[in-house]
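This report concerns only the one structure given below.
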Amino acid sequence: MPAGMRLPWHSGVAPAFSFPRGFLLRPVTQVARDLLGARLTSTAGGERTVGVIVECEAYGGLDDPASHAATRKGLTARNRTMFGPAGRAYVYQSYGVHWCVNVVTGRPNDPQAVLLRGLEPLEGEDVMILRRFGRRPTAAGPGRLCQALGVDGTLDGHDLRRSPLLLEPGWHVPDELVGVSARIGVRLAADRPNRFFVRDSRGVTP
DNA sequence: GAAACGATTATCT
DNA sequence: GATAATCGTTTCA
């Protein structure tokens with residue numbers, strides 16, 4: 001059995017109908033864990049592309065030194081979306097080159113977010129590959145994920161319940177398929193096990 | 001104002 | 001494994 005063929009979205013079971021009430025208002029590490037298996041649909045640019053989230057990282061509130069919203073920074077022009085309501089997209093540019101998208105969680109003025117780092121294509125993989133100029137892996141890594149979905153800074157603050165970028169429930173990923181580690185590319189708070197990923201998925205950072 | 005620095009990736013050896 | 005690309009945000013003078 002090839003890697004990635006035993007995952008829930010390959011089982012033929014229909015995805016969940018809705019998120020539990022208050023899903024995004026729980027502690028951000030718990031939200032990150034449970035966003036594994038959720039679906040992300042982009043219709044940016046008119047082409048429909050859908051993926052299932054297989055890797056993400058939790059960025060805690062004011063007490064997380066690695067967060068853009070750490071206490072010593074507070075509210076800034078860049079991170080203001082994190083201070084807004086849950087369910088919005090926080091999109092920022094990394095290294096002046098790559099767009100990265102987060103799901104904002106928690107209550108307003110309690111800035112928490114989940115960085116989406118890896119996706120397994122469900123629909124429109126051909127379009128994703130074209131957007132990536134043929135490069136692979138298709139959507140493993142936050143910059144690649146945004147490129148594959150056509151996400152850029154114009155979507156910062158976007159309500160993820162609506163097109164063109166829609167976050168929906170998917171499949172439960174059992175604990176034995178979930179890996180946990182320190183966050184990638186972060187020097188501060190390297191001891192926090194805030195990265196969650198689906199073992200053996202091709203959408204996870206190599 | 002100026003300068004340093006990334007929640008990264010592609011491409012080279 | 002090393003490094004360039006590339007620019008907005010943040011920090012410091």
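Chain letters run A, B, ... following the sequence lines, proteins first, then strands; residues in each count from 1.
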### Query
What nucleotide, of dG6(B), dT9(C), dA7(B), holds the atom closest to the side chain of Tyr59(A)?
dA7(B)
### Query
Which part of the nucleic acid, if any, lies within contact of Arg183(A), taking any heavy atom under 4.0 Å across all strands shown: a base, the sugar-phosphate backbone alone, or nothing?
nothing
### Query
Centre of Tyr59(A)'s six-membered ring, under 6.0 Å away, within 45 degrees of the axis: is that where NZ or CZ of Arg183(A) sits?
yes
### Phosphate OP1/OP2 of dA10(B) contacted by Arg144(A) side-chain N/O (<4.0 Å)
yes
### Query
Hey, is the side chain of Arg117(A) poking within less than 4.0 Å of OP1 or OP2 on dT8(B), counting only N and O atoms?
yes
### Query
Any side-chain N or O of Ser67(A) less than 4.0 Å from the OP1 or OP2 oxygen of dA7(B)?
no
## Note on the structure
Looking only at dG6(B), dA7(B), dT10(C), the nucleotide nearest the His68(A) side chain is dA7(B)
### Task
For Val97(A), report the nucleic acid contact type (base, sugar-phosphate, nothing); a contact means any heavy atom under 4.0 Å.
base
### Message
For a quick check under 3.5 Å, do Trp99(A) and Gln147(A) share a side-chain donor-acceptor pair by atom type?
### Response
no
### Query
Can you tell which of dT8(B), dG6(B), dA10(B) lies closest to the side chain of His98(A)?
dT8(B)
### Query
Taking the six-membered ring for Trp, does Tyr95(A) stack with dA5(C) (centroid gap under 5.5 Å, planes within less than 30°)?
no
### Message
Taking the side chain as everything from C-beta on, heavy atoms only, tell me whether Leu36(A) gets closer than 4.5 Å to Cys56(A).
### Response
yes
### Query
Within the pair Arg187(A) and dA7(B), is there a side-chain N or O less than 4.0 Å away from OP1 or OP2?
no
### Query
Where the side chain of Leu115(A) is concerned, which of dT9(C), dG6(B), dA7(B) is the nearest nucleotide?
dA7(B)
### Task
Would you check if Val103(A) and Leu35(A) make a side-chain contact, meaning some heavy-atom pair closer than 4.5 Å?
yes
### Query
Quick one: Gln147(A) CD to dT9(B) C1', roughly how many Å, whole number?
9 Å
### Task
Report yes if at least one side-chain N or O of Arg135(A) is closer than 4.0 Å to OP1 or OP2 of dT9(B); otherwise report no.
no
